[in-house]
Amino acid sequence: MQPFTTLTGNVAPLDRANVDTDQIIPKQFLKRIERTGFGQFLFFDWRFLPDGSPDPAFELNQPIRQGASILLARRNFGCGSSREHAPWALADYGFRSVIAPTFADIFFNNCFQNGMVPVKLDESDVEELFRRAAAAEAAGQAYRLTVDLQNCLVHDDGGFSRSFPVDSFRRHCLLEGLDNIDLSLKHVDQITAWENAHGLASLKGGAT
Amino acid sequence: MPAPRTLLDKIWDDHLVCSPDGEQPLIYIDRHLVHEVTSAQAFEGLRVAGRRVRRPEATFATPDHNIPTTDRSLPIADPISKQQIDTLRANCREFGIRLFDLGDADQGIVHVIGPELGITQPGMTIVCGDSHTATHGALGALAFGIGTSEVEHVLAAQTLRQSKPKSFEVRVEGELYPGVTAKDLVLYIIGRLTTEGGAGYVIEYTGPCIRRLGMEERMTVCNMSIEAGARAGMIAPDRITFDYLRGRDLVPKDFDRAVARWETLPSDAGARYDRSETFSGGDVVPQVTWGTNPAQVVGVDATVPDPASMTDPSDRSSAARALEYMGLQAGTPIAAIPIDRVFIGSCTNSRIEDLRAAASVVRGHQVASRVRAMVVPGSGRVKRQAEAEGLDRVFTAAGFEWREAGCSMCLGMNPDTLAPGERCASTSNRNFEGRQGKGGRTHLVSPAMAAAAAVTGHFTDIRQWRYH
Ligand code: SF4
């Protein structure tokens with residue numbers, strides 16, 4: 001997995017709550033059997049008009065937001081289906097971090113498996129970021145933020161700085177880009193012991 | 001005296017493999033259910049890393065999301081769908097996993113066949129790359145959805161990294177009035193908890209109203225826990241659970257001994273939950289969603305709410321956006337909303353009890369001329385049972401289409417979709433924008449309410465239905 005330490009990038013504000021994974025990546029694109037190539041379908045039904053051209057009214061289609069790597073959204077981001085295609089699509093499009101007041105549990109987990117940092121901030125701080133982004137864009141500039149996983153901090157150049165919560169083990173895995181399965185299989189003796197204690201030894205299939 | 005424990009505590013303690021310093025705990029996974037849409041990349045990951053499936057015999061697969069529900073003898077028309085299903089077949093063969101394939105008598109929606117075949121049992125940990133895995137909690141299991149990377153992890157290590165979730169008791173007192181169903185109850189609860197009220201929690205549904213529910217109804221309730229943000233919902237096993245399981249294909253041989261073990265699972269008296277809410281079953285009327293998330297719901301006797309009356313700015317803007325998408329005006333009586341389509345199916349409401357309820361409404365009536373209605377049974381077994389009872393003829397005589405088992409129009413990955421602007425009374429679980437087809441408008445209801453709407457052409461209070 002790609003490690004994540006510190007990211008400085010442009011922010012794309014998406015002023016919507018309850019953005020569900022059906023919107024992030026609609027079902028017609030879940031038939032692919034690869035992990036890659038989903039970025040072109042990100043937010044497909046919002047992003048494109050029926051004739052296939054980009055919808056100029058959609059937030060992410062604003063020219064100033066092209067190339068953004070940090071998505072800023074409202075409450076309950078990533079709710080709904082467990083599809084990991086959602087973080088795959090966000091990452092493939094270029095996002096490495098999503099900032100929101102709250103996230104749905106499964107989406108939140110899935111981010112960490114894909115080198116992305118979900119940043120939970122207080123609603124008032126998210127509001128402040130929306131304000132700052134709007135001000136920067138009104139002045140013709142993309143708003144820039146830094147997500148510093150080493151120090152669990154989000155900050156800009158204009159005095160905004162907040163720490164965000166992150167589980168220390170997940171942080172460690174992301175900083176180092178560790179393979180979660182390798183890490184777990186280090187405990188294979190304990191897994192086997194659990195199986196033996198629960199009478200599963202005779203049932204066990206392939207050894208790992 | 002050991003401290004009293006909840007059902008969740010007991011299952012958690014029993015499945016904790018290790019909790020190494022500085023790491024998230026590893027918990028053992030008893031059953032892993034696999035479907036075609038969220039597994040291909042996980043198997044590919046195993047292959048690339050040269051890993052095997054640790055316990056193929058604890059892993060069960062079925063294609064459900066992406067399959068046609070019309071004539072099964074025909075080849076799948078969409079080449080990409082076909083490739084995904086062929087990939088599942090090849091992976092199951094390569095890794096030695098039992099597959100309930102298309103054409104197999106026991107194929108069906110993964111959350112319908114798990115309990116039906118006795119794969120799902122009380123006290124187990126169960127995962128699947130699907131958020132409605134919460135369904136299996138109805139039998140007293142800890143069951144939740146995971147992403148594809150976690151699917152790969154479970155395949156390889158039969159365990160999962162998990163921090164212990166918080167516990168949330170949703171207690172329901174009293175009982176439901178006739179015509180009010182488990183679907184109405186859970187929609188009502190979601191409406192009050194909001195779509196994120198359960199985030200970070202496992203919900204345990206308790207109380208006399210829950211205890212009275214049959215097994216299928218309990219599955220409907222637990223199924224939709226995720227729509228309140230909770231990864232899992234569970235109901236302590238009791239006589240109803242054991243009677244449901246007895247005699248099913250994959251339950252323990254020594255069933256009575258298993259029951260004795262399962263009887264120790266219910267939460268101890270005095271066990272503490274991190275959060276508790278109490279509702280009254282008697283407060284619930286038949287529910288209809290009006291918006292684009294399941295918490296945007298009201299009683300069938302109410303009107304479409306006015307966003308301007310909402311205090312929270314985020315609720316207000318969501319509601320305004322939802323009404324625009326749904327093509328609805330604030331103040332319109334719910335019962336005055338005409339519909340174009342009816343879908344009875346999905347892992348929420350496609351079991352035999354659901355079909356019986358819908359058929360009893362439909363019997364002797366005709367589907368309204370402007371409505372196209374379909375019934376998609378949850379599994380091959382449900383379909384055969386319904387046909388043995390003559391329910392299929394009740395539906396087809398009334399003008400419903402009677403289909404093969406699958407997810408179908410719950411998410412419209414197969415050819416069953418809504419056209420833009422079409423309005424559907426659906427027994428599924430998500431009314432998100434575009435869920436049943438781009439521009440499609442979904443209203444979530446119970447099977448009886450969906451059946452009544454099919455007949456009248458608009459939402460109709462089932463409590464006033466004239467049964468034939
Ligand atoms: S029926 Fe719908 S919600 Fe259930 S598993 Fe299938 S697609 Fe998911």
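Reminder, nothing fancy here: chain letters follow the sequence lines and each chain counts from 1. A quick note: this is a predicted structure, and the numbers were derived from the prediction, not measured.
Looking at B/Thr87, only its side chain comes within 4.5 Å of chain A, counting heavy atoms on both sides. Contact of B/Ile85 with chain A is not made at all, since no heavy-atom distance falls under 4.5 Å. Neither the backbone nor the side chain of B/His132 comes within contact range of chain A; no heavy atoms are under 4.5 Å apart. Using a 4.5 Å cut-off between heavy atoms, A/Arg35 touches chain B through backbone and side chain atoms alike. Heavy atoms of B/Asp14 lying under 4.5 Å from chain A belong to its backbone as well as its side chain. When heavy atoms are compared at a cutoff of 4.5 Å, B/Ile146 approaches chain A solely by way of its backbone atoms N, CA, C and O. When heavy atoms are compared at a cutoff of 4.5 Å, B/Asn91 does not approach chain A at all. Residue A/His172 does not touch chain B at all, counting heavy-atom pairs closer than 4.5 Å. Contact annotation for B/Thr148: both backbone and side-chain heavy atoms come within less than 4.5 Å of a heavy atom of chain A. Using a 4.5 Å cut-off between heavy atoms, B/Glu152 touches chain A through backbone and side chain atoms alike. Only the side chain of A/Asn110 comes within less than 4.5 Å of a heavy atom of chain B; its backbone N, CA, C and O stay farther away. Contact annotation for B/Pro20: only side-chain heavy atoms (C-beta onward) come within less than 4.5 Å of a heavy atom of chain A. Only the backbone of A/Asp15 comes within less than 4.5 Å of a heavy atom in chain B; its side chain stays farther off. Within the 4.5 angstrom heavy-atom criterion, only side-chain atoms of B/Arg161, from C-beta onward, approach chain A. With a threshold of 4.5 angstrom between heavy atoms, B/Leu411 approaches chain A through its backbone and through its side chain. When heavy atoms are compared at a cutoff of 4.5 Å, A/Asn18 approaches chain B solely by way of its side chain, counted from C-beta outward.
Using a distance-only test at 3.5 Å, with no hydrogens or angles considered, a donor-acceptor pair links the side chain of B/Gln296 to the main chain of B/Asn293.
In summary, the side chains of A/Asn180 and B/His153 do not present any donor paired with an acceptor at a separation below 3.5 Å, with no hydrogens or angles considered. With no hydrogens or angles considered, a side-chain donor-acceptor pair links B/Arg430 and B/Ser131 at under 3.5 Å. Using modelled atom types, one finds a donor on one side chain and an acceptor on the other under 3.5 Å when comparing B/Asp30 with B/His15.
Residue with the most contacts toward chain B among A/Glu123, A/Arg74, A/His85: A/His85 (heavy-atom pairs, distance under 4.5 Å). Note: B/Gln83 leads B/Glu44, B/Glu36, B/His65, B/Gln83 in heavy-atom pairs under 4.5 Å with chain A. The most heavy-atom pairs under 4.5 Å with chain A, out of B/Thr159, B/Thr195, B/Ile226, come from B/Thr195. Looking only at heavy-atom pairs under 4.5 Å with chain A, the residue among B/Pro294, B/Gly200, B/Ser318, B/Gly229 that has the most is B/Gly200. For the set B/Arg321, B/Met413, B/Lys438, B/Gln41, the entry with the most heavy-atom pairs within less than 4.5 Å of chain A is B/Gln41. Interface remark: of the candidates A/Gly80, A/Ser168, A/Ala17, A/Gly80 forms the most heavy-atom pairs closer than 4.5 Å to chain B. The residue among A/Ala104, A/Ala86, A/Pro26, A/Ser184 with the most heavy atom pairs within less than 4.5 Å of chain B is A/Ser184. By number of non-hydrogen pairs under 4.5 angstrom with chain B, the leading residue of A/Gln113, A/Arg75, A/Arg83, A/Gln28 is A/Arg75.
Annotation: B/Lys82, atom NZ; neighbour count of heavy atoms from other residues, nucleotides and ligands within 6.0 Å does not exceed 12.
Using a 4.0 Å cut-off between a side-chain N of Lys or Arg and a carboxylate O of Asp or Glu, A/Arg32 and A/Asp92 do not qualify as a salt bridge. One finds a salt bridge joining B/Glu94 and B/Arg47 here, because a Lys/Arg side-chain nitrogen approaches an Asp/Glu carboxylate oxygen to under 4.0 Å.
A/Val117 is not listed as a side-chain neighbour of A/Val166, based on a closest heavy-atom distance of 4.5 Å or more.
Shortest non-hydrogen contact noted between B/Ala134 and B/Ala232 is CB-CA, 4.1 Å.
Of the inter-residue distances, the one linking A/Glu195 atom CD with A/Gln190 atom CD reads 12.5 Å to the nearest 0.5 angstrom. A/Phe103 contributes atom CZ, which lies 8.0 Å from atom NZ of A/Lys120 (distance to the nearest 0.5 angstrom). Atom CD of A/Gln23 sits about 5.0 Å away from atom CG of A/Asp20, to the nearest 0.5 Å.
In this structure, the ring of A/Phe77 has its center less than 6.0 angstrom from the ring center of A/Phe107.
Note on ring orientation: taking the six-membered ring where Trp is involved, the planes of A/Phe95 and A/Tyr93 are parallel (angle under 30°, cut-offs 30° and 60°).
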